[in-house]
Every structure is written in C-alpha cells, then in structure tokens.
Amino acid sequence: SVYLVKLYYHTHRRPFNPVWITQNEWLSILPITHRYDMKDVHILAIQHVTQCRGQYEDARFEGPFMVEEPLPEIAVLIAAVKYNIDLGLVKPELREVIGRRKEITPEETNGMPMVFLLRLTRAREKWIHKRQEWFVKQPVMTRAAKAAGVPYYQRKAILNTIILDIWGA
C-alpha cells in the first residue's frame, strides 16, 4: 500500500509527526498490518485510528489545526471489529453510536459483522429503556431540562453499564 510506504518514509524523518499521515490513511494501513502480523506498526495504526479526532498540534504552526474530518464513529467501530482492536479503546465511539438520537442507516452498517450489529441494536434498545426510566424517576422537570436529556455524567455511566453488560468491555 502507498500509505505503508508513506509511513515508513515519514517514520525515518526525525522527529516523526503523526500529522503527516491522516486518519483515513491509518485506517487503510490496518488491514495490511493485521494480515502480515506487523505488530509494531499495527499497534501504531490502532493508536492513531482510535485516538485521532482530526486535531493535531504541530510545531511548525501556531496552535491546533484541522487535518481532516474525523472518521465517523461507525467506521471506527467496524475497523475495531474487523481488525481485533480492543473495544475498550473505542468506548467513546461505542457510547456515541449507542446514545445518539439519529438512527443507524443501512449504508453505515456495510461491512459490519451481523453479530456486532445485533449487539449494537440491543444496546441501543437498552439505552432507550434506561433513558425512559430515568425521565420517569425525575420529579418535576422543566421542558428545557427534558429537551436537554440525561446529564452527561449519568449518560456516560448508564452507557458504560450497557457496554459492560453486552460486550463485557
């Protein structure tokens, strides 16, 4: 792959800056490193696919700048399942997909294993039930509070218990 050559070229330049390789390029390096058991490069690619959110700091520029649009959460999850990435590393993406209001479209699920898709839909159903239970337990809420939804700290805790229950991660 061209991106693997690009990676080796840039890693020999000192100091190495991950900005030189985009998140999509890291994602395309993953299958090669997985297939040919290139452990060090595979770990590096996993780190950049799961930790890059499109924003980097570069010494040549003042402040942070956007390299590219971050990968959609679903794409990161599909890569995690395909290339045996620990789900603990992609927990933020998993929480985002489970807790989002927008439905999962058939186009987004292309390439997603059926077992993972079934677990994801089960987790989303559990989230909907837990969210409804939370609203019922609240005494009197204003419309603005109901529109805002479950507070972040409680939302994160509920989603983490759902993930632990379904995936054990």
Side-chain angles (χ1 to χ4, degrees), residues 1-11 16-57 64-131 149-150 152 154-169:
S1 168
V2 174
Y3 303 123
L4 194 58
V5 173
K6 183 178 177 182
L7 170 70
Y8 280 115
Y9 171 75
H10 286 302
T11 52
F16 173 66
N17 191 336
V19 146
W20 296 326
I21 299 172
T22 67
Q23 194 176 19
N24 282 321
E25 291 170 348
W26 282 114
L27 190 61
S28 67
I29 289 172
L30 261 178
I32 297 166
T33 61
H34 182 72
R35 183 179 311 135
Y36 295 110
D37 202 26
M38 303 165 82
K39 295 251 186 253
D40 295 337
V41 181
H42 189 67
I43 291 169
L44 190 64
I46 287 171
Q47 287 173 348
H48 288 286
V49 166
T50 59
Q51 294 173 1
C52 295
R53 301 289 185 255
Q55 188 155 351
Y56 296 97
E57 186 77 29
F65 65 96
M66 194 61 112
V67 173
E68 62 177 332
E69 284 292 315
L71 283 173
E73 289 84 8
I74 293 277
V76 174
L77 292 178
I78 291 172
V81 173
K82 260 185 172 176
Y83 307 118
N84 299 329
I85 298 174
D86 179 27
L87 285 178
L89 294 172
V90 293
K91 221 178 229 185
E93 287 83 1
L94 202 51
R95 277 195 303 262
E96 183 64 34
V97 171
I98 293 169
R100 76 180 189 185
R101 291 178 189 230
K102 190 179 114 184
E103 63 186 28
I104 297 173
T105 63
E107 294 80 26
E108 288 179 311
T109 60
N110 285 343
M112 186 179 287
M114 185 58 72
V115 174
F116 187 80
L117 183 59
L118 291 172
R119 285 181 175 174
L120 190 60
T121 54
R122 192 167 129 218
R124 284 176 59 89
E125 286 174 6
K126 277 187 167 199
W127 164 245
I128 290 168
H129 291 296
K130 294 268 188 193
R131 193 178 72 202
V150 181
Y152 176 75
Q154 289 179 331
R155 172 188 165 102
K156 186 176 177 181
I158 292 169
L159 288 171
N160 280 341
T161 57
I162 292 171
I163 291 169
L164 184 63
D165 181 40
I166 294 178
W167 282 279

* Does the R124 side chain pair with the main chain of V97, one donor and one acceptor, at a distance under 3.5 Å? -> yes
* Pairwise distance NE2(H129) to CZ(R131) - rounded to 0.5 angstrom -> 11.0 Å
* How far does OG1 of T105 sit from CG of N110, to the nearest 0.5 angstrom? -> 8.5 Å
* Structure fact -> Distance col, row L117:CG vs E108:CD, nearest 0.5 angstrom, shows 11.0 Å
* **Gap between atom CZ of R101 and atom CD1 of I128 - 0.5 Å precision** => 11.0 Å
* Asked: Taking C-beta and beyond as the side chain, do I74 and T109 meet within less than 4.5 Å on heavy atoms?
  -> no
* Which heavy-atom pair separates A79 from I85 by the least distance, and what is that distance? -> O-CD1, 4.0 Å
* Structure fact -> Of all heavy-atom pairs linking K130 and I162, the shortest is CG-CD1, 4.3 Å
* Check whether any side-chain heavy atom of R155 sits under 4.5 Å from a side-chain heavy atom of W127, and report yes or no. => yes
* **Any side-chain heavy-atom pair of I163 and L87 under 4.5 Å** => no
* Asked: With side chains defined as the heavy atoms from C-beta onward, is the minimum distance between M112 and V81 less than 4.5 Å?
  -> no
* Which atom of S28 lies closest to which atom of I32, heavy atoms considered -> O-CD1, 4.2 Å
* Audit row: L120, W167, side-chain contact (heavy atoms from CB on, under 4.5 Å) steps and yes/no -> CA-CA 10 Å; L120 190 60; W167 282 279; 4.2 Å; yes
* Taking atom CG of L159 and atom NZ of K91, what is their separation to the nearest 0.5 Å? -> 10.5 Å
* **Pairwise side-chain contact, K39 with D37, heavy-atom cut-off 4.5 Å (strictly under)** => yes
* Atom OG1 of T33 and atom OH of Y83: how far apart are they, to the nearest 0.5 Å? -> 8.5 Å
* **Residues K102 and E73 bridged, charged N to O under 4.0 Å** => no
* To do: Work out which heavy atom in K82 is nearest to a heavy atom in H34; give both atom names and the distance.
  => O-NE2, 4.2 Å
